[in-house]
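Structure, as structure tokens:
The structure displayed is predicted, hence computed values, not measured ones. What you see below is based on every heavy atom in this structure, not just the backbone, and it leaves out hydrogens, waters and symmetry mates.
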Amino acid sequence: MSKQTKRALVPELRFPEFLDAREWEVKRLGSIGSFVRGLTYSAADVSERGLLVLRSSNIQEGSLVLDKDLVFVSKSCPNELALHRGDIVICMSNGSKALVGKNAEYVGNYPNPITIGAFCSFFRPRSQFAKYIFQTDRYLSFVSFSIGGGNINNLKNSDLEEFTATVPKDVGEQQKIADCLSSLDELITSQTQKLAALKAHKKGLMQQLFPAEGETVPKLRFPEFRNDGKWKEYLLGKLIKVNSGKGFKASEYSKIGIRLLQIENVGYGAVKWNDKIIFLPQSYSVEYPELVLHEGNIVLALNRPVTNNELKIARLRKEDEPSLLYQRVGKLELLSDAVNEDFCFHLCRTFIKDFVEKQSIGSDQPFISIKDLYAQKIFIPSPLEQQKIADCLSSLDELISAQTQKLAALKAHKKGLMQQLFPAVEQNNEKDL
């Protein structure tokens with residue numbers, strides 16, 4: 001960047017007491033903290049107990065998950081590899097480029113020594129402000145540039161040590177920014193815990209509202225149905241049919257028209273659209289009427305249907321219609337009046353998930369076997385009891401959806417705030433600063 005066009009290194013938004021403070025400065029990450037690569041171990045070292053070794057899978061949505069997907073090894077923890085409160089754990093290598101560079105702070109809530117695996121590193125910052133550098137657009141751009149577009153899916157400590165970050169010269173301003181963002185983090189954490197509690201409550205409730213394996217009545221029943229006796233047994237294939245979509249060619253795509261609902265658009269309960277929406281000509285809704293989706297329709301991912309321990313099944317809302325069913329996505333069609341659509345949706349969320357997980361034991365389960373699914377026996381109650389169960393679970397879904405939106409709004413607010421609290425600097429022009 002030339003001297004004539006060089007912009008002052010100041011953020012768009014600054015706290016009042018620092019409005020007249022000095023420009024920020026550019027510093028190497030290696031000068032404001034240290035990087036340490038993780039522990040190398042073999043399959044023979046893995047044990048049921050011992051030293052907890054965190055991996056990239058334990059970094060989820062900016063937090064470290066310490067209650068599932070854990071690996072222990074029969075090794076002692078070297079002092080230099082032991083995590084300290086405030087360390088930033090970073091994914092350095094992964095089969096997915098999207099996961100390289102993701103990071104989370106260790107908040108020091110594990111009772112025993114803890115370390116990281118060889119595909120991760122941790123950064124030990126010298127100030128609380130430094131951790132927010134890893135959440136900036138500048139850092140994300142640097143990671144994307146470093147791994148490039150080829151087959152390189154890893155970072156080196158030396159890469160990150162040379163990354164230059166913008167830092168306030170005034171330590172007081174650093175702390176003010178850190179305090180502000182930490183307060184938002186606490187609020188986000190609180191709202192995340194509320195969402196997790198709602199989901200856990202719903203999961204526990206569903207386990208009681210539907211009969212357990214080998215039983216014909218649920219453990220929990222609404223008072224007016226307690227004397228109704230056993231639920232009735234059916235073959236799933238007699239109640240539900242799964243109609244799969246069609247594989248359209250790229251040459252058929254258009255800039256406007258009817259949206260194509262792909263497997264990536266099937267979320268956990270609801271459809272999720274992104275900025276990569278594919279359209280087909282509007283005339284296709286007439287040409288393929290059997291593939292047109294409307295409000296209330298239930299769609300199911302047929303390939304890798306269970307991810308993150310949840311079934312990818314969704315019910316279309318008004319804003320999701322009209323759309324067209326793509327291959328590897330199935331639309332559920334009810335074949336009998338014995339089951340209503342509201343109840344069917346909630347039943348399938350738990351029953352098909354359990355079915356897929358049982359089929360996956362000891363092997364990968366890339367797709368749902370429709371033939372095997374149809375042969376499964378299920379139990380359902382009277383239409384009135386079905387509706388009561390569906391209404392109860394739908395109310396919980398609404399609470400979960402509202403909490404999810406609240407959390408998303410907080411995260412969006414933080415992202416926007418950070419873009420204003422940090423100076424906008426072109427990564428490619430650092431050498432000219």
Side-chain angles (χ1 to χ4, degrees), residues 9 24-40 53-64 78-108 114-169 174 177-178 181-182 185 414-415 418-419 421-433:
L9 270 181
W24 287 31
E25 58 186 337
V26 176
K27 285 191 171 185
R28 293 171 51 256
L29 266 184
S31 70
I32 58 177
S34 57
F35 288 92
V36 178
R37 196 71 187 227
L39 178 73
T40 299
V53 181
L54 298 181
R55 302 169 297 163
S56 58
S57 58
N58 298 114
I59 307 172
Q60 296 183 14
E61 298 183 0
S63 299
L64 286 178
N79 289 334
E80 67 275 12
L81 293 186
L83 286 178
H84 294 179
R85 183 182 181 87
D87 287 345
I88 310 298
V89 178
I90 308 163
C91 173
M92 302 293 282
S93 181
N94 196 281
S96 170
K97 286 183 182 291
L99 301 181
V100 177
K102 68 175 184 174
N103 58 88
E105 180 185 12
Y106 175 58
V107 296
I114 182 173
T115 189
I116 55 174
F119 291 147
C120 292
S121 287
F122 68 78
F123 176 74
R124 183 158 293 161
R126 299 194 181 100
S127 71
Q128 189 182 16
F129 171 85
K131 75 175 183 180
Y132 290 105
I133 293 171
F134 292 89
Q135 300 176 28
T136 61
D137 290 340
R138 180 179 173 85
Y139 167 76
L140 296 176
S141 296
F142 173 81
V143 170
S144 179
F145 177 79
S146 297
I147 61 179
N151 295 322
I152 301 174
N153 283 16
N154 59 78
L155 291 170
K156 300 186 294 292
N157 283 353
S158 57
D159 293 331
L160 294 180
E161 286 171 348
E162 294 303 315
F163 168 66
T164 54
T166 53
V167 180
K169 292 181 179 179
Q174 291 183 31
I177 292 171
L181 295 175
S182 292
D185 283 342
K414 180 188 172 184
K415 181 177 176 64
M418 287 190 66
Q419 289 172 342
L421 287 174
F422 284 77
V425 180
E426 293 295 333
Q427 180 68 33
N428 293 337
N429 295 329
E430 287 176 1
K431 295 181 180 178
D432 297 326
L433 288 170

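- In terms of heavy atoms, Glu105 sits closest to Gly86 at OE2-CA, 3.5 Å.
- Side-chain atoms of Arg138 do not come within 3.5 Å of backbone N or O of Ile133 as any donor-acceptor pair.
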Leu160 and Phe123: CA distance, side-chain angles, deciding distance, side chain to side chain contact (heavy atoms under 4.5 Å, CB included) verdict: CA-CA 9 Å; Leu160 294 180; Phe123 176 74; over 6 Å; no

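- Here the closest heavy-atom approach between residue Arg37 and residue Ser121 is recorded as CD-OG, 3.0 Å.
- Residues Val36 and Arg124 are not in side-chain contact: their nearest non-hydrogen atoms beyond the backbone lie 4.5 Å or more apart.
- A distance of 9.0 Å separates CG of Leu64 from CD1 of Ile88, quoted to the nearest 0.5 Å.
- When every heavy atom of Arg126 is checked against every heavy atom of Gly33, the shortest pair comes out as NH1-N, 3.2 Å.
- By the 4.5 Å heavy-atom criterion applied to side chains, Phe163 and Val143 are not counted as neighbours.
- Annotation: side chain of Cys91 is in contact with side chain of Ile59 (closest heavy-atom distance under 4.5 Å).
- The closest donor-acceptor contact from the side chain of Glu25 to the backbone of Lys169 lies at 3.5 Å or more, if one exists at all.
- How far CD of Gln128 is from CD of Gln174: 11.0 Å, rounded to the nearest 0.5 Å.
- In this structure, a donor-acceptor pair under 3.5 Å is absent between the side chains of Ser146 and Asp159.
- Without hydrogens or angle criteria, Lys27 side chain to Val167 main chain gives no donor-acceptor distance under 3.5 Å.
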Applying side chain to side chain contact (heavy atoms under 4.5 Å, CB included), run through Leu181 and Leu421 and close with a yes or a no. CA-CA 10 Å; Leu181 295 175; Leu421 287 174; 4.1 Å; yes

Hey, mind stepping through Asn154 and Met92 against side chain to side chain contact (heavy atoms under 4.5 Å, CB included) and telling me if it holds? CA-CA 5 Å; Asn154 59 78; Met92 302 293 282; 5.8 Å; no

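- Side-chain contact between Phe129 and Ile32 is absent, with no heavy atoms from C-beta onward closer than 4.5 Å.
- The closest side-chain heavy-atom distance from Ile90 to Phe134 is below 4.5 Å.
- Residue-environment remark: CD (Glu61) stays at or below the threshold of 12 foreign heavy atoms within 6.0 Å.
- Judged as a side-chain hydrogen bond (donor to acceptor under 3.5 Å, both in side chains), and not counting sequence neighbours, the contacts of Lys414 are Gln135, Asp185.
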Before giving the answer on side chain to side chain contact (heavy atoms under 4.5 Å, CB included), spell out for Leu99 and Ser56 the whole-Å C-alpha distance, their side-chain angles and the decisive distance to 0.1 Å. CA-CA 8 Å; Leu99 301 181; Ser56 58; 5.7 Å; no

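- When every heavy atom of Asp87 is checked against every heavy atom of Ala82, the shortest pair comes out as OD2-O, 4.2 Å.
- Listed for the Asn153 side chain is a donor-acceptor partner under 3.5 Å among the backbone atoms of Gly95.
- Between the side chain of Thr115 and the main chain of Leu81, a donor-acceptor pair closer than 3.5 Å is present.
- What you find for Val53 and Gly117 is that their closest heavy atoms are CG1-N, 3.3 Å.
- Nearest approach of Arg55 to Cys120, heavy atoms of both residues: C-SG, 3.9 Å.
- With hydrogens and angles disregarded, no donor-acceptor distance shorter than 3.5 Å links the side chain of Tyr139 to the backbone of Tyr132.
- Atom-to-atom distance recorded for Leu140:CG and Phe145:CZ is 15.0 Å, nearest 0.5 angstrom.
- Glu162 has a carboxylate O that lies under 4.0 Å from a charged side-chain N of Arg28, or vice versa, which qualifies the two as a salt bridge.
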